[in-house]
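This report concerns only the one structure given below.
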Number of protein chains: 2
Amino acid sequence: MSNKYDSLKLENQICFPLYACSKEIVRKYKPFLDEIDLTYTQYITMMVLWDKKQMNVKTLGEYLYLDSGTLTPVLKKLESKSFIKRNRDKDDERNLCVSITDEGEKLKEKAADIPGKISRCVNLSEDEAAQLYKLLYKTLGDLSQI
Amino acid sequence: MSNKYDSLKLENQICFPLYACSKEIVRKYKPFLDEIDLTYTQYITMMVLWDKKQMNVKTLGEYLYLDSGTLTPVLKKLESKSFIKRNRDKDDERNLCVSITDEGEKLKEKAADIPGKISRCVNLSEDEAAQLYKLLYKTLGDLSQI
DNA sequence: TCCTTTTAAATTGTGTACTATTTATATAGA
DNA sequence: TCTATATAAATAGTACACAATTTAAAAGGA
């Protein structure tokens, strides 16, 4: 017994569980991130910088799927906590170069056990996690097309 | 060549593609939702009410994984657009009963083609979509445990 | 009945996100 | 060189999202 409005039901959408899942998992991070004084957005920003050491705002935004409107206040906050530095590029003053500090490097050690704690909240098998990972990146790729 | 910090890389996390995917797909909705003057949060709220007709804020929040702090302003906005009504429950004045209006019912027809437009942005096969759906709800279930 | 506890919304304060615009700098032609 | 265009961040304005608190109402016992 289906009708033309079935697709409008929450339980028939793929977007809703994505949205809800994302929110709930970010919420799970909170107690762990509180211990190192980071929000989730600040945490993923630090993850890029732990790996790459420095980067301008635009490139950082491409990694994180965020624009300068979101990143500017996040980066100012991270700078105020001394985890990063913000400096204009001498060769092209339009670029702001964001780089990690020693303080920021130290934070990496404190953060190292967080991914393990989170994965213990999600009881996916290795296969299932790999499947989910693959499907999410495929979808993300589709969505990035025009 | 792996080290103890590998799990801290963005590309090794399951949470990040979830977070990014959710944001990107919500962004895809925007032009379609603009046409019917709804935001994504307002849209999923209306989806529940198109289906259930009326509900108190707490139950609505359980469906949407949102609390009254988020829902109160969303519901006031939807009321100002005449899509819903907000009334205290006569039997228990603590409960606020949210119900759909005729105006709100009419909106359902205008929204009916949105799910199709969105699924055309995501090139998952039926199997893949079903897999993703299943994994997301499994994860959501895991996350809802204490 | 009175008081304590519980419950449901609303409120407060902080921090994203996003669109659109502005500002500053750099580049590319005419 | 001068000007138009393009680019990168920052800013402004709107709308969530959440934790913590407050308010109001209901329920449950002594």
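Worth saying up front: this structure is predicted, and the values here are computed from it rather than measured. Proteins come first, then strands; the chains are lettered A, B, ... in the order of their sequence lines, and each starts at number 1.
Using a 4.0 Å cut-off between charged side-chain N and carboxylate O, B:K58 and B:E62 make a salt bridge. The existence of a salt bridge linking B:R86 and B:E79 is confirmed by a sub-4.0 Å separation between a basic side-chain nitrogen and an acidic carboxylate oxygen.
Rounded to a whole Å, the CG atom of B:N56 is 15 Å from the C1' atom of C:dA10. The distance between atom CG of A:L78 and atom P of C:dG15, rounded to the nearest whole Å, is 11 Å. Residue A:Q42 contributes atom CD, which lies 7 Å from atom P of C:dG15 at whole-angstrom precision. Here C:dC18 presents its P atom at 16 Å from OH of B:Y29, a figure rounded to the nearest Å. Nucleotide C:dA17 holds its P atom 12 Å from the NZ atom of A:K23, rounded to whole Å. Regarding A:D91, its CG atom lies at a distance of 9 Å from the P atom of C:dA26, rounded to whole Å. As a whole-Å value, the separation of B:R27 CZ from C:dT16 P is 17 Å. Remark: P of C:dC18 and CG of A:L64 are 11 Å apart, rounded to the nearest angstrom.
B:T39 comes within contact range of the sugar-phosphate backbone alone, with a heavy-atom separation under 4.0 Å but no base atom that close. Within 4.0 Å of A:D67, counting heavy atoms only, lies at least one base atom of the nucleic acid. Using a 4.0 Å heavy-atom criterion, one finds that A:L71 contacts no nucleic acid atom at all. At the heavy-atom level, B:V26 lies nowhere under 4.0 Å from the strands shown. Residue B:T41 is classed as a sugar-phosphate contact, given heavy-atom separations below 4.0 Å to backbone atoms only.
Here the nucleotide nearest the side chain of A:D92, chosen from C:dT25, C:dA9, C:dG15, is C:dT25.
The cationic group of A:K23 lies under 6.0 Å from the six-membered ring centre of A:Y19 and within 45° of the ring axis, placing it in a cation-pi geometry.
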Which pairs of donor and acceptor atoms, one on a side chain in residues 105-112 of chain A, lie under 3.5 Å apart (sequence neighbours left out)?
unit_1: A:E105; atom_1: OE2; unit_2: A:K53; atom_2: NZ; d: 2.9

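Side-chain atoms of B:S68 and base atoms of C:dA10 include a donor and an acceptor less than 3.5 Å apart.
Between the side chain of B:S119 and the backbone N or O of B:G116 there is at least one donor-acceptor pair closer than 3.5 Å.
The nucleotide range of DNA chain D contacted by chain B, defined by atoms under 4.0 angstrom from heavy atoms of the protein and reported 5' to 3', is D:dA15 to D:dA26.
Around CG of B:D102, the count of heavy atoms belonging to other residues, nucleotides or ligands within 6.0 Å does not exceed 12.
Relative orientation of the B:Y65 and A:F16 rings is tilted, given thresholds of 30° and 60° on the angle between their planes.
An OP1 or OP2 oxygen of C:dA10 is reached within less than 4.0 angstrom by a side-chain nitrogen or oxygen of B:R86. Applying the 4.0 Å criterion to OP1 and OP2 of C:dA10, one finds that B:R88 has a side-chain N or O inside that range.
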>> Let's test your reading of the pairing rules: Watson-Crick or G-U wobble, both distances under 3.5 Å, then write DNA chain C as a dot-bracket string with ( ), [ ], | and dots.
In response: ||||||||||||||||||||||||||||||
